[in-house]
Protein chains: 2
Amino acid sequence: MPRKRSLTTDQLAAAALAVVDRDGLAMLTMRAVAQELNMGTMSLYRYVSDREQLERLVVELVLGGVDFTVPDLPTWQERIAALCERIRLAVHAHPAMVPLLLVHRHASPGVRRSGEAMLSVLAGAGFSGERRVIAFRALVSYLIGALQAEGLGPLSGAGTDVLATLGEQHPHLAETAVSARDVSPQREFGEGLALLLRGLTA
Amino acid sequence: MPRKRSLTTDQLAAAALAVVDRDGLAMLTMRAVAQELNMGTMSLYRYVSDREQLERLVVELVLGGVDFTVPDLPTWQERIAALCERIRLAVHAHPAMVPLLLVHRHASPGVRRSGEAMLSVLAGAGFSGERRVIAFRALVSYLIGALQAEGLGPLSGAGTDVLATLGEQHPHLAETAVSARDVSPQREFGEGLALLLRGLTA
DNA sequence: TTCGTAGGCGTACGTTGTACTCCTACGAAA
DNA sequence: TTTCGTAGGAGTACAACGTACGCCTACGAA
């Protein structure tokens, strides 16, 4: 066997993630990643077959840092919440890559492992059949949506002047946007999830 | 004043939406839309400054068909649910454009109108301050996530053989995927939302 | 030392968005 | 009715993208 690879898959993924973190998702380019590694553009194709596969590597790298073992907590609600918070924390460190989570949520081992973990908690809590389907999908929908929303806040992101203009046509929206300033992403995520969990409890 | 425009903004948006519905979001191209209209590619730039703006037109066209007047229903939970279902129905007719909803959820009048409608219901139900922020964001997160998930089912979409392979490593995931076949998107959406609303009620 | 395999990379092509420039249609003004 | 200025339509062209192809070369096995 000839020659050794000068790169590990993790290094490649790390370089891609570095580009995304620094320059944004739009700058995730085969050329940019190659430059990040001081390599020729086409050399990347010795490690991935696609730009799509490169994106998947980024997803796996981020989700790979998450511990999906079910935490030892008194209630199943706390177990679900802890799992979700772990995911949120990992993703929070790389907000620009969130859209990749959505695009590659199929065919991603990390996403599947997270699903399995959540479902095992639900199963242990007595959820089965269609009830479990509904519960699981609701949790996943919330998780996906919340991570998206956190990436670029639809309310708190805008400046105060924009809100003033907004306020004339949409008073409730403007008022809520002001209140939103005092709610941290973590609280928002956690308490929103708590609402859903409360609904699941009844 | 010289010359009349041969196109309305709606016609342009409709052409773009037709391309998306027929050929998928990836084929939404300035050239493709121009061809759909039997126009030169650059002529489109008399109506939009950007490809981005063209995408926004598509979003507005889809959301423009939604009635955001608060429905006259007994409980505020039913009012919220009805509003969300209207949105789901409109989007359901054009599943390929769902990602555009996410990308342009800021700076979209349609999205803002939907938010204002939901918030007015919440306000009428007695939600105020930070509680309203949490409730609103939770609802929006669920809505966004659920619409995404519906576009391409993460569980039911895969073939049975894939599930079998999956089942060895992820038994709960495989089992839930089987149950998921009997749950229609509408039920899934509605009952998931009901869970969240129940959590909001307490 | 030799050789075959596989890594690295330069070139080039098709596709994208869009800047620039031209031609022309047409309503208003004469 | 004629003229003219404005704005719509389209062709050309370019930069940036993903990536197919083919070359050179490093290096472990023989």
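Distance B:Gln35 CD to D:dA10 P: 13 Å, rounded to the nearest Å. Between A:Leu12 atom CG and C:dG8 atom C1' the separation is 14 Å, expressed in whole Å. Atom CG of B:Leu54 and atom C1' of C:dT18 are 13 Å apart (whole Å). Per the geometry, CG belonging to A:Leu25 stands 14 Å off C1' belonging to D:dC17, to the nearest Å.
In terms of modelled atom types and a separation under 3.5 Å, the side chain of B:Ser120 and the main chain of B:Ala117 share a donor-acceptor contact.
Of the residues in residues 38-48 of chain A, those placing a heavy atom less than 4.0 Å from an atom of DNA chain C are A:Met39, A:Gly40, A:Met42, A:Ser43, A:Arg46, A:Tyr47, in numerical order.
Applying the side chain to side chain contact (heavy atoms under 4.5 Å, CB included) criterion to A:Ala16, with sequence neighbours excluded, gives A:Leu28, A:Val33, A:Leu54, A:Val58. The side chain to side chain contact (heavy atoms under 4.5 Å, CB included) search around B:Val98 returns B:Val91, B:Leu147, B:Gln148, not counting sequence neighbours.
Distance check: B:Leu63 CG to B:Arg112 CZ gives 11.5 Å after rounding to the nearest 0.5 Å.
By the neighbour-count criterion of 12 heavy atoms within 6.0 Å, atom CD of A:Gln35 is sparsely surrounded, having that number or fewer from other residues, nucleotides or ligands. Counting heavy atoms of neighbouring residues, nucleotides and ligands inside a 6.0 Å radius, atom CD of A:Gln11 exceeds 12 of them. More than 12 heavy-atom neighbours from other residues, nucleotides or ligands sit within 6.0 angstrom of CD on A:Gln53.
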Review item, nucleotides 13-16 of chain C N/O atoms under 3.5 Å of protein N/O:
none

Do any N or O atoms of the protein come closer than 3.5 Å to N or O atoms of nucleotides 1-4 of chain D, and which pairs are they?
none

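A salt bridge does not link A:Glu116 with A:Arg113: every distance from a Lys NZ or Arg NE/NH1/NH2 to an Asp or Glu carboxylate oxygen is 4.0 Å or more. A salt bridge is absent between B:Arg131 and A:Glu191; no separation between the charged side-chain nitrogens and carboxylate oxygens falls under 4.0 Å.
Relative orientation of the B:Phe189 and B:Tyr142 rings is tilted, given thresholds of 30° and 60° on the angle between their planes.
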Apply salt bridge (Lys or Arg N to Asp or Glu O under 4.0 Å) to the pair B:Glu60 and B:Arg56, showing each step before the final yes or no.
CA-CA 6 Å; B:Glu60 292 318 306; B:Arg56 249 171 304 193; over 6 Å; no

CA sep, side-chain torsions, deciding dist, call: A:Asp10, A:Thr8, side chain to side chain donor-acceptor pair (under 3.5 Å)
CA-CA 5 Å; A:Asp10 268 355; A:Thr8 67; 5.7 Å; no

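Of the two residues near DNA chain C, B:Asp50 and B:Lys4, the one whose nearest nucleotide lies more 5' is B:Asp50.
Taking the centre and axis of the six-membered ring of B:Tyr47, the NZ or CZ atom of B:Arg5 falls inside the cone set by 45° and 6.0 Å.
Stem analysis of DNA chain D (at least three stacked-register Watson-Crick or G-U pairs, each with both distances under 3.5 Å) gives C:1-30 with D:1-30.
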